[in-house]
There are 2 protein chains.
Amino acid sequence: MSNRSYVQLKARLLDEASVAALAETFKVLGDTTRVRILDALARAEVPVCDLAQLLGLSQSAVSHQLRLLRSMRLVKSRRDGRHIYYVADDHHIVGLFEQGLEHVQERRS
Amino acid sequence: MSNRSYVQLKARLLDEASVAALAETFKVLGDTTRVRILDALARAEVPVCDLAQLLGLSQSAVSHQLRLLRSMRLVKSRRDGRHIYYVADDHHIVGLFEQGLEHVQERRS
DNA sequence: TGAACATATGAACGATTGCTCACATGTTCA
DNA sequence: TGAACATGTGAGCAATCGTTCATATGTTCA
């Protein structure tokens, strides 16, 4: 690799903040439990207890993950009586999911 | 949530294999070192030693990550003399990066 | 009000991750 | 061939992660 290309490449790399934000976003999606939660919440608004039962997880585990997802604004919540309904809060997420699926499906062939 | 909606939702959820593949893909992208490596290799074909110097990482750390990225076919390699050149091997990755960046940038506002 | 239900949360524990270190493998060239 | 360079890799370690358990908080309704 020539010294000139090396310098030019270095100048074009993503800045530190973008790298960190990008990795953080992908990291949240990089867990099967959170993928399943987001998949469900992208399709319907569901209270925590139903979500736990639907996915066969403990209420506590779901609640912990929802806190993380909410802190990253990937889901939002709304209280109705003693239930708290969660739903996906980001149209980009659906796009990322679909593009991720495309990638995964291409791998199969 | 009505019992009917619950059953219908459960039937529409992603299958287990897709969930696993999706999470695995995102997990690989969920690390700043790998994001930086992929960012560089999406722009140019670079030998390992240059990559390490470019990113300020040890040769060993880069090599370990490249093995992972190659096992998932996100990068490919080519030997030329004693150098081994790596480059991104997936057009979907660039799309995922861009969509991830969109997401990240929207968060700022 | 108090029992029952729904959710949140902190501590703790085992599992996984990403790095370093030491060294093996592979290539060039004098 | 052997020294120098480039890369790969296994072991080990500190840090992070995801879960469970116990318990706190918040809401409903008889």
Side-chain angles (χ1 to χ4, degrees), chain A residues 1-3 6 16 19-20 22-41 45-87, chain B residues 1-3 6 16 19-20 22-41 45-87:
Chain A
M1 194 182 188
S2 76
N3 201 307
Y6 179 91
E16 195 185 337
V19 167
L22 211 46
E24 191 189 21
T25 298
F26 285 129
K27 182 178 280 187
V28 177
L29 301 178
D31 173 79
T32 55
T33 298
R34 289 190 292 271
V35 165
R36 294 174 72 210
I37 289 176
L38 283 169
D39 177 43
L41 297 186
E45 193 187 38
V46 190
V48 180
C49 56
D50 282 6
L51 196 52
Q53 204 202 333
L54 187 69
L55 305 179
L57 299 166
S58 75
Q59 175 268 317
S60 181
V62 171
S63 192
H64 275 296
Q65 298 295 6
L66 284 173
R67 178 164 59 159
L68 174 62
L69 293 173
R70 200 176 48 171
S71 79
M72 296 204 61
R73 299 205 222 170
L74 298 185
V75 302
K76 61 184 174 186
S77 65
R78 163 180 79 79
R79 182 182 276 277
D80 181 15
R82 35 188 171 187
H83 289 87
I84 297 184
Y85 287 79
Y86 280 83
V87 70
Chain B
M1 192 183 189
S2 77
N3 201 306
Y6 179 92
E16 195 185 335
V19 167
L22 212 46
E24 192 189 20
T25 298
F26 286 129
K27 183 177 282 186
V28 177
L29 302 177
D31 174 80
T32 54
T33 299
R34 289 192 291 272
V35 164
R36 294 174 73 210
I37 290 176
L38 283 170
D39 176 44
L41 297 186
E45 193 187 38
V46 190
V48 180
C49 55
D50 283 7
L51 196 52
Q53 203 202 334
L54 187 67
L55 305 179
L57 299 166
S58 75
Q59 175 267 317
S60 180
V62 172
S63 192
H64 276 296
Q65 298 294 6
L66 284 174
R67 177 162 61 157
L68 175 62
L69 294 172
R70 199 176 49 171
S71 78
M72 297 204 60
R73 300 206 221 170
L74 299 185
V75 302
K76 60 185 173 186
S77 65
R78 164 180 78 81
R79 182 182 277 277
D80 181 14
R82 34 187 175 189
H83 289 87
I84 297 185
Y85 287 80
Y86 280 83
V87 70

*From Leu38(A) CG over to Thr33(A) OG1, what is the distance, rounded to the nearest 0.5 angstrom?*
11.0 Å
_Going by side chain to side chain contact (heavy atoms under 4.5 Å, CB included), name the residues that satisfy it together with Asn3(B), two or more places apart in sequence or in a different chain._
Val7(B)
*Sugar-phosphate atoms are those with a prime plus P, OP1 and OP2; base atoms are the rest. Using that split, label each nucleotide of nucleotides 9-22 of chain C B, S or - for protein heavy atoms under 4.0 Å, 5' to 3'.*
BB------SSSBB-
*Listed partners of Arg82(A) passing side chain to side chain contact (heavy atoms under 4.5 Å, CB included), at least two apart*: none
_Point-to-point distance, once rounded to the nearest 0.5 Å, from CG of Asp50(B) to OH of Tyr86(B)_ = 14.0 Å
*What integer distance in Å separates Leu51(B):CG from dA6(D):C1'?*
13 Å
Run the side-chain donor-acceptor check on residues 51-71 of chain A: report pairs under 3.5 Å with partners two or more places apart or on a different chain.
unit_1	atom_1	unit_2	atom_2	d
Ser58(A)	OG	Ala61(A)	N	3.0
Gln65(A)	OE1	Arg34(A)	NH1	3.0
Arg70(A)	NH1	Ser77(A)	OG	3.2
Ser71(A)	OG	Leu68(A)	O	2.7

*N or O in side chain of Tyr86(A) less than 4.0 angstrom from dA8(C) OP1/OP2*: yes
*Got Lys76(A) and Val87(A) here, is their nearest side-chain heavy-atom distance under 4.5 Å?*
yes
*For the helix from dT1(C)-dA30(D) to dA30(C)-dT1(D), what angle lies between the axis at the first five pairs and the axis at the last five pairs, to 10 degrees?*
20°
*Once you round to the nearest 0.5 Å, how far does CZ of Arg36(A) lie from CG of Leu41(A)?*
12.0 Å
_Protein-nucleotide distance (Leu55(A), atom CG; dT19(D), atom P), rounded to Å_ = 11 Å
*Do Met1(B) and His83(A) have side-chain heavy atoms sitting under 4.5 Å apart?*
no
*Separation of atom CG in Leu54(B) from atom C1' in dA6(D), rounded to whole Å*: 17 Å
*Tyr85(B) versus Asp80(B), closest heavy-atom pair with distance*: CE1-CB, 3.8 Å
*How does each nucleotide of nucleotides 24-30 of chain D score, in 5' to 3' order, for protein heavy atoms under 4.0 Å: base (B), sugar-phosphate only (S), or none (-)?*
--SSS--
*Can you name the nearest heavy-atom pair linking Thr32(A) to Ala20(B), along with the distance?*
CG2-CA, 4.1 Å
*To the nearest Å, give me how far apart CD1 (Ile84(B)) and P (dT9(D)) are.*
9 Å
*Which part of the nucleic acid does Tyr85(A) contact within heavy-atom distance under 4.0 Å: base, sugar-phosphate only, or nothing?*
nothing
